[in-house]
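Order of the sequence lines sets the chain letters (A, B, ...), proteins ahead of strands, with each chain counted from 1. Note that this is a predicted model, so its numbers are computed, not measured. Every heavy atom of this structure was used, including side-chain atoms; hydrogens, water molecules and symmetry mates were not.
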Amino acid sequence: MPELPEVEVVRRGVQQWASHARVTDVEVLDDRSLRRHAQGPEDFIARLAGQRLGESYRRGKYLWIALDEGYLALVIHLGMSGQVLISDPDIADPKHLKIRITISKNDRIQELRFVDQRIFGGLYLDTLIPAEDHPEQLIPATVAHIGRDPLDSLFDTETVFRTLRKKKSSLKRALLDQSVSSGIGNIYADEALFRARLHYARPTETLTRKEVSRVYSAAEQVMRLALAQGGTSFDALYVNVNGESGYFDRSLNVYGREGKPCVVCQEDGLETLIVRRKFMNRSSYYCPKCQPIPRRARW
DNA sequence: CCTCGCTCCTGGTCGC
DNA sequence: TGCGACCAGGAGCGAG
């Protein structure tokens with residue numbers, strides 16, 4: 001499943017191959033992949049066709065390409081299984097192809113193909129508005145409520161700390177809450193908690209500034225590591241913008257490691273086994289020794 | 001306003 | 001071998 005590092009890889013690919021190209025044709029093969037585009041496929045096609053694409057941006061797992069005209073952006077969310085492929089038109093359509101955007105750049109015709117098996121992702125056109133905390137930056141209106149992600153240079157730990165102190169929730173729930181900070185999914189939430197030696201059921205209002213800093217720094221670190229390795233994925237569904245799979249599972253220390261020894265404990269000569277628990281209807285992995293259950297846990 | 005559980009969707013896997 | 005149950009999960013939405 002695409003996590004933030006994969007989305008950043010896709011953004012870079014889109015920037016290289018699609019930015020400053022002209023849209024010559026748009027084909028919607030499955031209306032369900034037009035997420036949130038209430039006006040329907042005809043409107044999407046009519047407004048996108050003929051446009052010149054501008055720069056590519058990202059916040060959390062939202063990716064968008066600004067259009068040269070009209071303060072509009074083509075917003076892309078990969079969801080669970082979305083892929084963006086840049087292909088020559090003579091290459092056969094892949095399975096689950098949902099939207100085809102034919103582009104022309106330097107007299108070369110290519111296709112930006114949106115492929116999605118589970119249809120949790122999708123595309124839509126949205127208006128660009130100034131970001132509230134930094135009005136020089138433009139952001140799609142539907143993405144404006146999303147917090148900055150840990151890779152954003154304007155990400156502010158102090159703001160997050162104050163937000164968490166006011167909340168009555170659990171730490172993992174807050175990590176996954178996209179209005180607090182964006183781009184942290186189930187996998188990186190578990191990895192960040194493990195590295196910060198904090199338990200997911202820790203009540204947010206009891207967190208110290210130091211602990212908040214630790215867990216978000218950990219999230220940033222593990223995502224930068226993934227990015228340096230070309231994206232995290234152990235799901236063959238994920239393919240980057242040029243159609244190449246990314247692999248990174250060896251760098252995950254807890255996620256998916258139920259019953260396997262904790263790598264930190266192992267260095268101390270202890271054999272603690274990673275535990276899996278149901279939390280928020282999702283799997284959570286943690287080390288019972290490194291991440292003890294807090295005295296006043298909030299499930 | 002805040003918190004939290006439900007829901008969308010498909011394909012792979014497992015037990016009987 | 002067939003079939004149903006279950007699992008994976010981002011994020012919007014609405015109930016309380």
Side-chain angles (χ1 to χ4, degrees), chain A residues 1-8 10-11 29-38 58-64 75-84 94-99 114-124 126 139-150 160 162-193 200-207 219 223 231-239 245 249 252 254-258 276-285 297-299:
Chain A
M1 53 232 79
E3 296 281 339
L4 186 146
E6 284 92 325
V7 181
E8 175 57 19
V10 172
R11 188 198 66 77
L29 294 97
D30 191 334
D31 291 1
R32 294 175 300 175
S33 290
L34 282 187
R35 290 248 139 182
R36 304 215 247 171
H37 198 86
R58 181 190 56 74
R59 178 181 287 197
K61 297 180 191 174
Y62 280 95
L63 167 68
W64 67 92
V75 184
I76 303 173
H77 198 292
L78 300 179
M80 285 289 299
S81 54
Q83 306 166 9
V84 173
K95 208 174 170 185
H96 307 302
L97 177 64
K98 303 298 184 185
I99 294 169
F114 180 71
V115 179
D116 195 6
Q117 177 201 107
R118 280 173 241 183
I119 331 184
F120 271 45
L123 274 58
Y124 58 96
D126 195 12
I139 187 161
T142 51
V143 184
H145 70 289
I146 300 282
R148 292 187 181 272
D149 61 68
V160 173
R162 291 201 197 115
T163 306
L164 294 189
R165 294 289 302 208
K166 277 182 251 165
K167 273 189 166 298
K168 289 222 176 328
S169 193
S170 57
L171 179 52
K172 183 165 178 182
R173 196 178 282 280
L175 284 168
L176 297 173
D177 184 340
Q178 303 294 297
S179 69
V180 177
S181 71
S182 61
I184 304 175
N186 198 41
I187 296 172
Y188 286 137
D190 280 5
E191 291 298 319
L193 287 166
Y200 57 79
R202 179 70 180 273
T204 45
E205 70 273 24
T206 67
L207 287 162
M223 289 195 288
T232 308
S233 196
F234 33 80
D235 192 330
L237 287 171
Y238 167 70
V239 180
S245 292
D249 49 319
L252 299 178
V254 271
Y255 187 86
R257 301 194 66 248
E258 182 185 20
R276 177 166 68 122
R277 291 281 178 275
K278 216 61 174 167
F279 180 66
M280 293 173 66
N281 254 343
R282 301 276 185 267
S283 285
S284 282
Y285 299 86
R298 182 175 286 129
W299 315 98

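Taking atom CG on A:Leu34 and atom P on C:dG12, their separation rounds to 17 Å, with Å as the unit. Between the C1' atom of C:dG10 and the NE2 atom of A:His145 lies a distance of 11 Å, rounded to the nearest Å. As a whole-Å value, the separation of A:Asn186 CG from C:dC7 C1' is 13 Å. Regarding A:Lys172, its NZ atom lies at a distance of 15 Å from the P atom of C:dA11, rounded to whole Å. Between the CD atom of A:Gln178 and the P atom of B:dC2 there is a distance of 17 Å, given to the nearest Å. The distance from atom CG of A:Leu176 to atom P of B:dC4 is 13 Å, rounded to the nearest whole Å. Rounded to an integer number of Å, the gap from CE of A:Met280 to P of C:dA8 is 14 Å. Remark: C1' of B:dT7 and CD1 of A:Ile119 are 14 Å apart, rounded to the nearest angstrom.
A:Lys278 comes within contact range of the sugar-phosphate backbone alone, with a heavy-atom separation under 4.0 Å but no base atom that close.
Here A:Ser283 reaches the OP1 or OP2 of C:dA8: one of its side-chain N or O atoms lies under 4.0 Å away. Residue A:His96 places at least one side-chain N or O under 4.0 Å from the OP1 or OP2 atom of B:dG11. The shortest distance between the side-chain N/O atoms of A:Tyr62 and the OP1/OP2 oxygens of C:dG12 is below 4.0 Å. In terms of phosphate contacts, A:Ser169 brings a side-chain nitrogen or oxygen within less than 4.0 Å of OP1 or OP2 of B:dC4. Taking 4.0 angstrom as the limit, A:Arg298 places none of its side-chain polar atoms (N or O) nearer than this to OP1 or OP2 of B:dC4.
Checked for salt-bridge contact, A:Asp149 and A:Arg58 meet the test: a charged N lies under 4.0 Å from a carboxylate O.
A donor-acceptor pair under 3.5 Å is formed between the side chain of A:Ser182 and the backbone N or O of A:Gly147.
For the pair A:Lys167/A:Asp177, a side-chain contact is recorded, criterion being any heavy-atom separation below 4.5 Å from C-beta on.
The two residues A:Ile184 and A:Gln178 have their closest heavy-atom pair at O-NE2, 3.5 Å.
Distances from the side chain of A:Gln117 to the nucleotides C:dG10, B:dG11, C:dA11 place B:dG11 closest. When each of B:dT7, C:dA8, B:dC4 is scored by its nearest atom to the side-chain atoms of A:Arg282, the top-ranked nucleotide is B:dT7.
Side-chain atoms of A:Asp126 and A:Thr142 form a donor-acceptor pair, as typed in the model, at a separation below 3.5 Å.
Remark: the A:Arg173 side chain and the B:dG5 base include no donor-acceptor N/O pair separated by less than 3.5 Å.
Along DNA chain B, the nucleotide nearest to A:Asn281 and the one nearest to A:Lys168 differ in position, and the one closer to the 5' end is contacted by A:Lys168.
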